[in-house]
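Heads up, the thing below is written out as C-alpha cells.
Everything quoted here is computed from the prediction, not taken from an experiment.
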Amino acid sequence: MPPSAAEQHTDLEAIARRAMEERGLLPDFSPEALAEAEAVPEIDGSSLSGSVRDLRDLLWCSIDNDSSRDLDQLTVAEDIAGEAIRILVAVADVETRVPEGSAIDRHARHNTTSVYTPPRTFHMLPERLSTGLTSLNEGEDRLAVVVDMVVAGDGSIAEADLYPAQVHNRAKLTYDAVALWLEGEGPMPDRMADVPGLDEQIRLQDKAAQRLRRLRHLRGALDIRRNEVRPVMDGGRVARLEEDAGNRAKELIQDFMIAANGSTARFLEGRGFPSLRRVVRNPRRWERIVELAAGLGEALPDDPDSRALSGFLARRRKADPEGYSDLSLAVVKLIGSGEYTVDLPDAPAPGHFGLAVEDYTHATAPNRRYPDLLTHRLLKAALAGRSAPYPPEELQKLARHCTEQENNAQKVERQVRKSAAALLLVDRVGDRFEAIVTGASEKGTWVRLCRLGVEGRLERGFRGLDVGDRLSVELIGLDVERGYIDFARVGR
C-alpha cells in the first residue's frame, strides 16, 4: 500500500536529515545560534554612518522563484548619456548581522550553504535572518552592498564601483510571470502594475542584460539549457515532477549576477586584496565532447576551446531544440563541476570555462552561501581601509572546505529528489523509457529519463556506454529510503 500523505512528508524530511548527517552537514541550529538570532535588532536608520548611501527612493525590485523567501538581490537600471545603461545590484548585507566566530557563523562556516530539499529548506542562517532581517523583503528597509556598473553599448562594463547603501524593495516579482510578460505571452504581473514606472524599469534591465549576454557569448560563454525536474509537494505529499526550465527573466538575473560577481573580483584585486574565486577548469573529458560533436556531424578542435564549443551548441540548439537539453546535460557532466580557489593579487587565476570569464567570485548570495559572506567580509575591510581579515593560507583552507561541503549538499539534494521521484514511480516498475547516459566510470553508470528527468543507476547492460549515449531502459527496482532508482538496458 503506498505511503499516506503524512507518511510521505515525514519520511522525506527524515531521509533528508539522515542524508545530511551522513554527509557531515548539520540539519539543526544550536540553541546558542538560535538565541543569537533572536537578539539581532531591527535596523535603525538614524544610527547609520555617513558612508552608507540612502538609495531607498529608487525603483528596486527582486525577481526570484515563486517560493523563495531568502532574497539576496535587488536590481534597478537607469538610462545615461549615449547608449550606456547604469545597472545597480543590491546584495543583502549579511556580514553586519553575522559576526565572525559567533555561533551563527560557526554553523554557516560548517555547512557553507543552504540545502534545498522537497520537504523543506535547511537554511544556512537562522530564518529570523535569512528570510527576515537580512532578506531584501518587499516593503522593508534593508542594508545592502551595492555593485554599481555602467554597461556600454557593446555589453562591456565601462565603469564599476561598490559601496554600502540602504535600499527598499518595491516589488517581489517572480521569474515565470516576468518571463511570460517580457516574451509577450502573459499579462503584466500584478505587483509590477502596482508600482508606476516599474514596467519600463524591467524593460531597461532586460535591454542591458541582453547586451551583457551577447558579449559573453561572443567571448565563448556556453548557452546551457539543462532543464531540471523538481518534485512538487501538495498537502504534505509528492504530487508530481515539474520541469524547472530556464527563461528570459532567469537569464536577466543570471547576467546581472555574473557582471556583479566579476566587478566584485576586480574591485578586490584593484585594492590589492586576495579573493575567493569560483572556477570551472578546462573540461576534464574534452575528448568525449569532441566525439559527441563528431557524431552530430561537427568538428571541434583537439584542445579545449570555449568559443568553438559555444558555436557548436548554438547550432545544435537551432537544429534540435527538443534534444538540446539532453545535449546540454551531457556537456555539463563532461566539463566537470566548479570549485573554489584563492586568487592572490597579480597572480593568474584559472577562470571559469563555462562563463568564459577570467575574474569571477561568488558575492551575490550571502544568505545562502558562505563563500559570498567571506567575500563581503573582504569587501568591508577593503572599503574601510583595513587589512584583509583572512591570510591566504586560511582562505585556501576555507576554499577547499566550501568546495567539499557544496558537493556534499548537492549529493543530499540529489538523493532526496530521487527519493521523492521513487515515491511517484512505485507503480511503474517494469515500464520502459528512453534515457541518456549522464555518468560512466568504475563506480557505475547513470542514466536520466528523457521525458521525466529522473536519474538512476544502470544495473544491467552498461558495457560500452559513455556520457551522452542514448538508450532504452526498463525500471527494475526502487529504494525510497536510499534514493535508489535502478534500470536495465533494453535492446541495443
Side-chain angles (χ1 to χ4, degrees), residues 118 222-232 238-247 283 285 288-298 309 312-336 410 413-441 443-480 482-492:
L222 307 182
D223 184 11
I224 299 296
R225 298 298 175 103
R226 188 179 64 169
N227 295 348
E228 297 288 349
V229 173
R230 61 183 181 89
V232 176
V238 183
R240 63 188 183 280
L241 298 177
E242 189 173 88
E243 187 177 73
D244 188 14
N247 60 45
R285 294 201 58 199
R288 177 56 181 165
I289 296 177
V290 173
E291 289 178 7
L292 287 178
L296 294 168
E298 296 253 12
L309 180 57
F312 161 67
L313 289 174
R315 291 188 292 275
R316 291 310 306 170
R317 182 184 174 195
K318 184 177 181 179
D320 182 17
E322 289 190 6
Y324 187 68
S325 176
D326 293 334
L327 176 62
S328 290
L329 175 64
V331 169
V332 166
K333 296 287 187 178
L334 292 166
I335 289 175
Q410 290 174 350
E413 291 169 352
R414 281 199 298 271
Q415 179 182 333
V416 182
R417 285 198 301 268
K418 286 183 180 180
S419 293
L423 284 167
L424 290 178
L425 293 175
V426 291
D427 296 325
R428 302 196 65 178
V429 174
D431 285 4
R432 296 184 176 186
F433 308 88
E434 295 303 307
I436 183 172
V437 177
T438 58
S441 69
K443 295 180 180 179
T445 300
W446 281 263
V447 297
R448 179 184 172 103
L449 304 186
C450 292
R451 296 194 179 277
L452 287 180
V454 174
E455 192 171 49
R457 185 183 176 107
L458 190 63
E459 293 291 339
R460 297 200 300 264
F462 50 79
R463 293 187 183 280
L465 292 173
D466 205 344
V467 175
D469 286 337
R470 291 174 177 271
L471 69 162
S472 296
V473 297
E474 179 182 326
L475 177 62
I476 60 172
L478 298 165
D479 184 333
V480 173
R482 303 303 303 171
Y484 293 162
I485 302 176
D486 298 333
F487 298 100
R489 188 177 184 179
V490 179
R492 293 293 172 186

Can you name the nearest heavy-atom pair linking [X] to [Y], along with the distance?
{"X": "V447", "Y": "L471", "result": "CG1-CD2, 4.1 Å"}
{"X": "V480", "Y": "S419", "result": "O-OG, 2.7 Å"}
{"X": "A440", "Y": "V467", "result": "N-CG2, 4.0 Å"}
{"X": "R463", "Y": "R489", "result": "O-NH1, 4.0 Å"}
{"X": "A488", "Y": "L458", "result": "C-CD1, 3.8 Å"}
{"X": "E434", "Y": "S472", "result": "OE2-OG, 2.7 Å"}

Quick one, S328 with R317, criterion side chain to side chain contact (heavy atoms under 4.5 Å, CB included). Give me CA distance, side-chain angles, the key distance, then yes/no.
CA-CA 9 Å; S328 290; R317 182 184 174 195; over 6 Å; no
Check against side chain to side chain contact (heavy atoms under 4.5 Å, CB included), L423 and L478:
CA-CA 9 Å; L423 284 167; L478 298 165; over 6 Å; no
Hey, is CZ on R414 packed in by over 12 heavy atoms from elsewhere, all under 6.0 Å?
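Yes, the 6.0 Å shell around CZ holds more than 12 heavy atoms from other groups.
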In terms of heavy-atom contacts, does CZ of R460 have more than 12 from other residues, nucleotides or ligands at under 6.0 Å?
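Open.
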Could you grab the distance from atom [atom1] of [X] to atom [atom2] of [Y], nearest 0.5 Å is fine?
{"X": "L425", "Y": "K418", "atom1": "CG", "atom2": "NZ", "value": "12.5 Å"}
{"X": "Q415", "Y": "Q410", "atom1": "CD", "atom2": "CD", "value": "14.0 Å"}
{"X": "L329", "Y": "T438", "atom1": "CG", "atom2": "OG1", "value": "6.0 Å"}
{"X": "F487", "Y": "R432", "atom1": "CZ", "atom2": "CZ", "value": "13.5 Å"}
{"X": "L241", "Y": "R417", "atom1": "CG", "atom2": "CZ", "value": "11.0 Å"}
{"X": "L465", "Y": "T445", "atom1": "CG", "atom2": "OG1", "value": "6.5 Å"}

Any side-chain heavy-atom pair of [X] and [Y] under 4.5 Å:
{"X": "I436", "Y": "L327", "result": "no"}
{"X": "Y324", "Y": "D223", "result": "yes"}
{"X": "I289", "Y": "P283", "result": "yes"}
{"X": "L424", "Y": "V454", "result": "no"}

Mind checking side-chain hydrogen bond (donor to acceptor under 3.5 Å, both in side chains) for D466 and listing every partner two or more places apart, or none if nothing turns up?
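Once residues adjacent in sequence are excluded, the partners of D466 under the side-chain hydrogen bond (donor to acceptor under 3.5 Å, both in side chains) criterion are R285.
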Pair L475, L449 - check side chain to side chain contact (heavy atoms under 4.5 Å, CB included), show working.
CA-CA 10 Å; L475 177 62; L449 304 186; over 6 Å; no
